[in-house]
Participant: 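Structure provided below as structure tokens; questions to follow.
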Protein chains: 2
Amino acid sequence: MNNKEILIKNGISPSFQRLQVYSYLRKNNVHPTAFKIYNDLKKQIPTLSKTTVYNVLKLLAGKNLIREVKIEDNELRFDAVLQEHGHFKCSECGKVTDVFYDKEFVDFIEKRNKITDIQFNIIGICENCLNNKN
Amino acid sequence: MNNKEILIKNGISPSFQRLQVYSYLRKNNVHPTAFKIYNDLKKQIPTLSKTTVYNVLKLLAGKNLIREVKIEDNELRFDAVLQEHGHFKCSECGKVTDVFYDKEFVDFIEKRNKITDIQFNIIGICENCLNNKN
DNA sequence: TCATAATTTATACTTATTACAATTATGTAA
DNA sequence: TTACATAATTGTAATAAGTATAAATTATGA
């Protein structure tokens, strides 16, 4: 199923801009901010508006096609990998990588509460940056 | 060791405002936002400035006496419970409660990377709100 | 008491996100 | 095809959290 079909299946009419934003997120799996998405896509779509990007992101997140990722203040990032996982952000190089964790204790919480979102973010310095320092 | 002594021990001169903010966080373990702290304390300290609250919070966080907790956009919350744990925020009543989790896989990550902060936030509907609905 | 440093305060600024109204595109019935 | 209704996009202005800055106040120590 391609990106266009996924949008349609989720009740989103696949306009050009929506398809571009969604495709960008699925291709560039780097947890970009809204501004980065806007900035990168503007090269291909010069008329693109920042509001559109925010609208589309909100729409996609509402349909659970992407996930909002909150790591640092003033930057909401987005992720098209839906499998349950956390994130590690290197405070040196800024890269955000995925961290997959055991579901056991999440299941425990889920027994009594209704979970709608999990944000698991680890901030630190990655192996690569640690080595480059010495 | 009382709050004043803790501040001194961590190299923070215990001014009235600093002591008030720190004591507030230790007493009111509800993960308040900076604005809530400011608003509540202003009743006792009418001259209190928002900037002071932000300054003190930053100072305390820098000395690891409190932890910044990022759960939803546009609201940075603060926590004086330093034991490693996550948070569950009920999207109905807004309450934030603590969730303690197994350290095993964090240790795994720590073997190769340097961890400076962990943000583990679960958003959902709490038992209480689920029951009240029916 | 006075000088100096530390702290607090008020104001202005930055920046991510949202609200809103105007414009443009799209799909359908005549 | 045309006209119209609806949906989508755009640009601008507003909102609000957090920060920078500098002035004012307070504390400290000789």
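Convention: sequence-line order gives letters A, B, ...; per-chain numbering from 1. Only a predicted model underlies this, so the values are computations on that prediction, with no experimental measurement involved.
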Participant: What nucleotide among D/dT19, C/dT17, D/dA7 has an atom nearest to a side-chain atom of B/Y54?
Facilitator: D/dT19

Participant: Can you check the A/Y38 OH to C/dT15 P distance for me, whole Å?
Facilitator: 15 Å

Participant: Any donor-acceptor pair under 3.5 Å linking the side chain of B/Q119 with the backbone of B/E68?
Facilitator: yes

Participant: At under 4.0 Å, does any side-chain N or O of A/Q17 touch on OP1 or OP2 of D/dT10?
Facilitator: yes

Participant: Given D/dG11, C/dT8, D/dA8, identify the nucleotide with an atom nearest to the side chain of A/S13.
Facilitator: D/dA8

Participant: Between atom CD in A/E68 and atom P in C/dT17, what is the gap in whole Å?
Facilitator: 9 Å

Participant: Name the nucleic acid region contacted by A/T52, choosing base, sugar-phosphate or nothing; use a 4.0 angstrom heavy-atom cut-off, strictly under.
Facilitator: base

Participant: To the nearest Å, give me how far apart CD1 (A/I45) and P (D/dT9) are.
Facilitator: 10 Å

Participant: What does A/T51 touch in the nucleic acid at a heavy-atom separation under 4.0 angstrom: a base, only the sugar-phosphate, or nothing?
Facilitator: base

Participant: Report the distance from atom NZ of B/K42 to atom P of C/dT9, rounded to the nearest whole Å.
Facilitator: 11 Å

Participant: Give one of base, sugar-phosphate or nothing for B/K50, where a contact means two heavy atoms less than 4.0 Å apart.
Facilitator: nothing

Participant: Using atom CD1 of B/I37 as one end and atom P of D/dA17 as the other, report the distance to the nearest whole Å.
Facilitator: 13 Å

Participant: Whole angstrom is fine here: how far is it from CG in A/L7 over to C1' in D/dA8?
Facilitator: 14 Å

Participant: Between A/R18 (CZ) and D/dT9 (C1'), how many Å, whole number?
Facilitator: 9 Å

Participant: Between A/K58 and A/Y54, does a side-chain hydrogen bond (donor to acceptor under 3.5 Å, both in side chains) hold up when you go through it step by step?
Facilitator: CA-CA 6 Å; A/K58 210 171 171 181; A/Y54 278 105; over 6 Å; no

Participant: Can you classify the ring geometry of A/H31 versus A/H87 as parallel (below 30°), tilted (30 to 60°) or perpendicular (above 60°)?
Facilitator: perpendicular

Participant: Short question: side chain of B/E5, backbone of B/N2 - any donor-acceptor pair under 3.5 Å?
Facilitator: yes

Participant: For A/F16 and C/dA25, what is the distance between atoms CZ and C1' respectively, to the nearest whole Å?
Facilitator: 14 Å

Participant: Return no unless some side-chain N or O of B/S15 is found under 4.0 Å from OP1 or OP2 of C/dA6.
Facilitator: no

Participant: I'd like to know if the side chain of B/R67 and the backbone of B/I118 have a donor-acceptor N/O pair within less than 3.5 Å.
Facilitator: yes

Participant: Counting heavy atoms from C-beta on, name the nucleotide in C/dT9, C/dA19, C/dT17 closest to the side chain of A/K58.
Facilitator: C/dA19

Participant: If you assign each of B/S49 and A/N55 to its closest nucleotide in DNA chain C, which residue comes earlier from the 5' end?
Facilitator: B/S49

